[in-house]
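Values below: every heavy atom of this structure, side chains too, minus hydrogens, waters and symmetry copies. Keep in mind that what you see is a predicted model, and the values were worked out from it rather than measured. Whatever order the structure lists ligands and atoms in, that order sets their numbers, starting from 1.
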Amino acid sequence: MDMQTSFLDRLFESGLLIDTGVDGLYGRSGQFEDVIAAFERLIDRFGGADGAEAMRFPPGMNRALFEKSGYMKSFPQLAGTVHSFCGSELDHMSLLQCMEVGEDWTKDQKATDIVLTPAACYPLYPTVAKRGNLPAKGGLFDLQSYCFRHEPSKDPARQQLFRMREYVCMGTEQHVTDFRQSWMDRGVEMMKQVGLDVTIDVANDPFFGRAGKMMVNNQRDQNLKFELLIPITSSANPTACMSFNYHQDSFGVKWGLNLEDGSVAHTACVGFGLERIALALFHHHGLDVKEWPDSVRKVLWG
Ligand code: ATP
Ligand code: ZN
Ligand code: MG
């Protein structure tokens with residue numbers, strides 16, 4: 001049995017995660033949720049004075065806007081779409097017949113107007129663009145959403161439905177890169193306060209296919225993505241618990257996000273993987289929260 005399986009098994013045995021029979025799709029206990037809630041309050045304490053505008057979107061987004069985002073060009077392998085039965089009574093009978101005999105009953109399901117949100121910030125850009133030019137101070141937003149990615153795994157830190165807390169900044173290049181740097185510093189400090197050792201490294205997104213290799217190289221060469229890594233299932237390959245992304249003006253151009261003077265906005269986003277942070281805490285301090293160091297408990301629960 002490898003390490004990953006055993007940490008997942010211990011999480012199931014302790015009840016912190018609840019097995020649904022699907023890899024990467026888990027229920028969470030009250031205790032697990034309480035750790036996430038406490039960590040989100042810590043995020044609020046670090047980010048609260050910045051005056052970000054909070055918005056919460058559901059875990060599904062407008063399919064037309066998802067299509068426009070270009071997600072299917074870059075990450076077709078991760079996307080999840082919502083399909084529904086849209087047929088007649090006759091179609092219904094054949095659907096039930098298919099189920100009865102164990103054939104594929106999903107083949108006539110039709111795509112709805114909704115796809116599962118792949119990252120918390122995706123619904124934001126078109127929403128902000130609709131408002132017109134950004135104010136002189138730029139834009140700063142506070143988001144949290146369940147996100148879907150089709151990447152089933154036995155690694156408890158790689159889930160298919162997980163929560164991402166994000167701050168998104170829109171403004172000049174200097175403004176948004178300063179924002180990103182300040183959250184890298186804050187991220188290190190926050191994790192130190194809860195007793196976790198971290199490293200920060202340059203990273204890339206898993207762009208699909210041969211054309212994707214060029215995107216990966218470009219992203220790394222230009223330092224567009226950094227990750228804050230914490231050992232969870234492997235110390236040789238620590239897990240990304242936060243990411244810090246600079247999109248240059250690509251989302252500004254795509255969505256028509258403009259600054260007060262009409263120039264194209266640059267954007268950056270900072271994401272916290274909430275389940276991963278909770279798992280890092282349980283992995284490092286033990287599965288029983290009562291046994292965690294007093295200093296850590298104090299930071300999280302006062
Ligand atoms: P990884 O390299 O591990 O796949 P990522 O680069 O895909 O991570 P992002 O796309 O930057 O991650 O997402 C923002 C944050 O969401 C990550 O820093 C991570 O904490 C969290 N996250 C990403 N994918 C998952 C997942 N499958 N399960 C749980 N959390 C995730
Ligand atoms: Zn984002
Ligand atoms: Mg990934």
Side-chain angles (χ1 to χ4, degrees), residues 4 8 11 17 22-26 28 32 36 39-40 43 52 55 57 59 61 69 71 74-75 77-80 116-128 139-170 176 179-180 183-184 187 190-191 196 198-208 212 215-216 219-220 224-234 237-247 250-251 254-255 257 267-281:
Q4 290 182 1
L8 182 58
L11 290 160
L17 291 188
V22 176
D23 290 342
L25 182 72
Y26 309 119
R28 302 84 160 62
F32 192 92
I36 288 189
F39 194 86
E40 282 211 80
I43 298 173
M55 285 188 213
F57 292 94
M61 68 175 284
S69 78
Y71 196 82
S74 297
F75 313 112
Q77 76 281 19
L78 298 176
L116 297 175
T117 304
C121 62
Y122 270 65
L124 178 72
Y125 306 105
T127 302
V128 174
L140 183 63
F141 303 92
D142 163 350
L143 306 169
Q144 198 253 53
S145 177
Y146 260 102
C147 298
F148 175 86
R149 294 183 185 177
H150 184 237
E151 44 186 1
S153 171
K154 296 279 184 204
D155 177 353
R158 186 166 300 285
Q159 305 191 358
Q160 299 200 61
L161 274 160
F162 59 95
R163 275 159 293 177
M164 204 186 286
R165 176 81 181 267
E166 278 199 53
Y167 285 101
V168 181
C169 183
M170 305 176 181
V176 309
F179 155 88
R180 183 172 73 149
W183 273 108
M184 284 200 247
M190 292 170 78
M191 299 308 175
L196 296 173
V198 310
T199 53
I200 289 196
D201 204 356
V202 64
N204 63 268
D205 289 310
F207 293 101
F208 186 77
M215 312 278 285
V216 165
Q219 196 180 28
R220 295 187 85 95
L224 298 183
K225 185 182 184 85
F226 289 94
E227 288 176 339
L228 179 150
L229 305 157
I230 310 178
I232 301 182
T233 34
S234 149
N237 293 303
T239 300
C241 292
M242 287 184 72
S243 57
F244 311 88
N245 306 288
Y246 173 39
H247 317 122
S250 61
F251 288 179
K254 178 180 296 293
W255 295 109
L257 292 163
T267 62
C269 69
V270 170
F272 295 84
L274 296 175
E275 284 76 12
R276 286 186 177 180
I277 291 168
L279 290 168
L281 287 163

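- Between the side chain of Glu166 and the backbone N or O of Cys121 there is at least one donor-acceptor pair closer than 3.5 Å.
- Considering only non-hydrogen atoms, atom 3 (O) of ligand 1 lies nearest to Arg276 out of Arg165, Glu227, Arg163, Arg276.
- Considering only non-hydrogen atoms, atom 19 (C) of ligand 1 lies nearest to Ala240 out of Cys241, Pro206, Ala240.
- The protein heavy atom nearest to atom 22 (N) of ligand 1 is Phe162 CE1, 3.4 Å.
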Start with the C-alpha distance between Phe226 and Trp183, add both sets of side-chain angles, then the distance that settles ring pair (Phe, Tyr, Trp, His ring centres under 6.0 Å), and finish with yes or no.
CA-CA 11 Å; Phe226 289 94; Trp183 273 108; over 10 Å; no
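- If you look at Ala157 next to ligand 1, the close heavy atoms, those under 4.0 Å, all belong to the backbone.
- Interatomic distance, CZ of Phe148 versus CE of Met61, reported as 15.0 Å (0.5 Å rounding).
- Protein heavy atom closest to atom 14 (C) of ligand 1, with residue, atom name and distance, is Ser243 OG, 3.3 Å.
- Close N/O approach between Asn245 and ligand 1 is not found [any backbone or side-chain N/O within under 3.5 Å].
- Judged as a side-chain hydrogen bond (donor to acceptor under 3.5 Å, both in side chains), and not counting sequence neighbours, the contacts of Asn245 are Lys225.
- For atom 28 (N) of ligand 1, the closest non-hydrogen atom of the protein is Gln159 N, 2.9 Å.
- The protein atom (non-hydrogen) at minimum distance from atom 16 (O) of ligand 1 is Met164 CE, 3.7 Å.
- At the top of the distance list for atom 21 (C) of ligand 1, counting protein heavy atoms only, stands Gly273 CA, 3.7 Å.
- Of all protein heavy atoms, the one lying nearest to atom 4 (O) of ligand 1 is Arg158 NH1, 2.9 Å.
- For the pair Ile277 and Met190, the minimum side-chain heavy-atom distance is 4.5 Å or more.
- Of all atoms in ligand 1, numbered sequentially from 1 with element shown, those under 4.0 Å from a heavy atom of Met242 are 18 (O).
- Neither the backbone nor the side chain of Gln160 comes within contact range of ligand 1; no heavy atom lies under 4.0 Å.
- Looking at atom 10 (O) of ligand 1, its nearest protein heavy atom turns out to be Arg149 NH1, 2.8 Å.
- Separation of atoms CG (Leu161) and CG (Leu116) is listed at 6.5 Å; rounding is to 0.5 Å.
- For Glu166 atom OE1 and Cys121 atom SG, the angle they make at the Zn ion (ligand 2) is roughly 100°, to 10 degrees.
- Ring geometry, Phe75 versus Tyr71: the interplanar angle falls from 30° to 60°, so the pair is classed tilted.
- A donor-acceptor pair is defined here as one N or O able to donate and one able to accept, closer than 3.5 Å; such a pair exists between the side chain of Arg149 and the backbone of Pro118.
- Residues passing the salt bridge (charged side-chain N to carboxylate O under 4.0 Å, His left out) test with Arg276, sequence neighbours excluded: none.
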